[in-house]
S.K.: 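Sharing a structure here in structure tokens format.
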Amino acid sequence: MKVLRLNHIVSFFIIFLILICFNCKIDNYQVKSTLVSESPQKKLMFGAMTIRDVRIPKSIAKDFQDLLVFELIQKGFVINFYNFNDLAKEVKIENSKLPLNLRNAAGEFWNQNSVIEKHLVRNEIKEVSEKESFDLFLQGTISIQNNDLTLERKDYNYIFLHVYSPDGNLIGMVRSTFDNKMLYESEQMKEVVSKMAFEFQKITSSKKQ
């Protein structure tokens, strides 16, 4: 009887461990959705998330931006994206005013269809606000540096989110800095994005009060 009872106990623990492993496996694949509430907190215009190191894939910035947008929508913000095609058209018009011998140097006849995302300066943000209504303009930077020249390699991660008023003034920032962890890892990126979205909500809520 004791042997039979022991076998039952062992079988129970084996089944229990299998269920735990199965649940852990399921948790690795998460699907979530979000929708703006009926009374959004603020209207945000999102500009570019740029990369400072040419060795970093551009997809890192896009992934980060999409994750951040998801978190902000979940917190009740309405998000619009700046159309960089408009900026390219404005540059082309300005170039057409130049003398013919300078147009090629200005890039009018080179790669006309390419759209370059960049940080907007004060007057550009102000011009955007005159065409489209928003409460805050956001743009950010991701920088991942390392000390390749030393024996013990170490990674330094800096992420900045710049917050501007409709008139183009820099009125706030959210930053994240961490060492020896890879932003490329999905769990690390999700954690950083979640904390930065929380900080952004905190500073905009306090400003609104």
Side-chain angles (χ1 to χ4, degrees), residues 36 40-54 56-73 75-144 157-177 183 192-193 196-197 199-208:
V36 175
Q41 292 194 29
K42 284 183 181 295
K43 291 181 180 179
L44 308 181
M45 175 70 72
F46 218 120
M49 284 294 299
T50 60
I51 297 289
R52 282 187 178 159
D53 192 331
V54 294
I56 305 171
K58 290 182 179 180
S59 59
I60 293 292
K62 286 297 182 185
D63 291 341
F64 187 91
Q65 185 183 55
D66 283 343
L67 285 169
L68 181 59
V69 167
F70 183 93
E71 291 286 337
L72 294 177
I73 291 175
K75 296 181 184 303
F77 294 95
V78 174
I79 310 288
N80 283 321
F81 294 91
Y82 175 69
N83 186 0
F84 285 93
N85 283 305
D86 294 339
L87 186 63
K89 291 175 185 175
E90 291 174 10
V91 171
K92 188 174 180 181
I93 291 172
E94 287 300 317
N95 288 348
S96 66
K97 298 176 183 178
L98 295 172
L100 187 60
N101 61 337
L102 295 178
R103 293 181 190 177
N104 191 35
E108 183 179 354
F109 302 115
W110 178 78
N111 206 10
Q112 292 184 11
N113 295 323
S114 65
V115 177
I116 300 176
E117 296 188 4
K118 70 176 189 70
H119 282 191
L120 301 188
V121 296
R122 181 179 178 182
N123 65 307
E124 291 172 330
I125 295 173
K126 191 173 182 179
E127 287 176 6
V128 175
S129 70
E130 292 171 355
K131 299 174 183 177
E132 298 188 53
S133 173
F134 60 83
D135 297 305
L136 296 170
F137 186 91
L138 312 179
Q139 52 191 9
T141 303
I142 295 175
S143 178
I144 303 175
N157 300 265
Y158 307 97
I159 305 169
F160 303 97
L161 183 64
H162 310 272
V163 187
Y164 298 83
S165 63
D167 58 4
N169 290 322
L170 180 63
I171 59 172
M173 286 185 67
V174 181
R175 73 169 188 179
S176 174
T177 60
L183 186 65
V192 172
V193 167
M196 292 191 76
E199 285 296 318
F200 178 79
Q201 183 186 36
K202 190 166 68 173
I203 63 173
T204 53
S205 298
S206 61
K207 186 177 184 300
K208 188 167 59 175

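This one's a predicted model, so the numbers in the text were calculated from it and none came from an experiment. Computation of the quantities below employed the complete heavy-atom set of this structure, encompassing side-chain atoms and omitting hydrogens, waters and symmetry-equivalent molecules.
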S.K.: Just verifying a value: how many Å separate Lys62 NZ and Leu67 CG, rounded to the nearest 0.5 Å?
M.R.: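 It comes to 13.0 Å.
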
S.K.: State, yes or no, whether a side-chain contact exists between Phe81 and Gln65 at a heavy-atom distance under 4.5 Å.
M.R.: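 SC-SC contact between Phe81 and Gln65 confirmed.
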
S.K.: Of all the heavy-atom pairs spanning Thr50 and Lys118, show the shortest one and how long it is.
M.R.: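 Here Thr50 and Lys118 meet closest at CG2-CA, 4.5 Å.
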
S.K.: Roughly how far, to the nearest 0.5 Å, is OG1 of Thr204 from CG of Leu138?
M.R.: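 Spacing of CG (Leu138) from OG1 (Thr204) equals 9.5 Å.
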
S.K.: Is there a side-chain contact between Phe200 and Val163, using heavy atoms and a 4.5 Å cut-off?
M.R.: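 Answer yes - side chains close enough.
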
S.K.: Judged by atom type as modelled, is there a donor-acceptor pair below 3.5 Å linking the side chain of Glu71 to the main-chain atoms of Leu68?
M.R.: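 Side chain of Glu71 to backbone of Leu68, a donor-acceptor pair under 3.5 Å: no, none is there.
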
S.K.: Please report the closest heavy-atom contact between Gly140 and His119, naming both atoms and the distance.
M.R.: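 Reported closest heavy-atom pair: O-NE2, 2.8 Å.
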
S.K.: Can you sort out the partners of Asp53 under salt bridge (Lys or Arg N to Asp or Glu O under 4.0 Å), two or more places apart, ordered by chain and number?
M.R.: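 If we apply the salt bridge (Lys or Arg N to Asp or Glu O under 4.0 Å) test to Asp53, skipping adjacent residues, the hits are Arg55.
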
S.K.: Starting at CG of Leu44, measure out to CD1 of Ile79 and round the result to the nearest 0.5 Å.
M.R.: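 Those atoms lie 4.0 Å apart.
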
S.K.: What distance do Ile60 atom CD1 and Phe64 atom CZ have between them, rounded to the nearest 0.5 Å?
M.R.: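 Going from the CD1 atom of Ile60 to the CZ atom of Phe64 covers 10.5 Å.
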
S.K.: Quick one: list whatever passes side-chain contact (heavy atoms from CB on, under 4.5 Å) with Arg122, sequence neighbours left out.
M.R.: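 For Arg122, the residues satisfying side-chain contact (heavy atoms from CB on, under 4.5 Å) (neighbours in sequence not counted) are Asn169.
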
S.K.: What heavy-atom pair brings Glu124 and Leu120 nearest, and what distance separates the two atoms?
M.R.: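 Heavy atoms of Glu124 and Leu120 come nearest at OE1-CA, 3.3 Å.
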
S.K.: Closest heavy-atom contact between Ser129 and Pro166?
M.R.: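 What the structure gives for the nearest pair is OG-O, 2.9 Å.
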
S.K.: Where the side chain of Asp135 meets the backbone of Lys43, is there a donor-acceptor pair that is under 3.5 Å apart?
M.R.: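 Judged by distance alone, yes, a pair lies under 3.5 Å.
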
S.K.: Where do Ile56 and Ser143 come nearest, in terms of heavy atoms and distance?
M.R.: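 Shortest heavy-atom contact: CD1-C, 4.4 Å.
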
S.K.: Does some side-chain heavy atom of Phe134 sit less than 4.5 Å from a side-chain heavy atom of Val128?
M.R.: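 Yes, side chains in contact.
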
S.K.: Taking His162 for the side chain and Gly172 for the main chain, is one N or O donor matched with an acceptor at less than 3.5 Å?
M.R.: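 The answer is no, because no donor-acceptor pair under 3.5 Å joins these two groups.
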
S.K.: Can you name the side-chain contact (heavy atoms from CB on, under 4.5 Å) partners of Glu199, sequence neighbours left out?
M.R.: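 Only Val174, Lys202 meet the side-chain contact (heavy atoms from CB on, under 4.5 Å) criterion with Glu199.
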
S.K.: Rounded to the nearest 0.5 Å, what separation is found between the CD1 atom of Ile144 and the OH atom of Tyr158?
M.R.: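 Here the rounded value is 11.5 Å.
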
S.K.: If you round to the nearest 0.5 Å, how far is OH of Tyr164 from CD1 of Ile171?
M.R.: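 So the gap between those two atoms works out to 10.5 Å.
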
S.K.: Looking at Lys58 and Glu117, is any side-chain nitrogen of the basic one under 4.0 Å from a carboxylate oxygen of the acidic one?
M.R.: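 So Glu117 does not pair with Lys58 through a salt bridge.
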
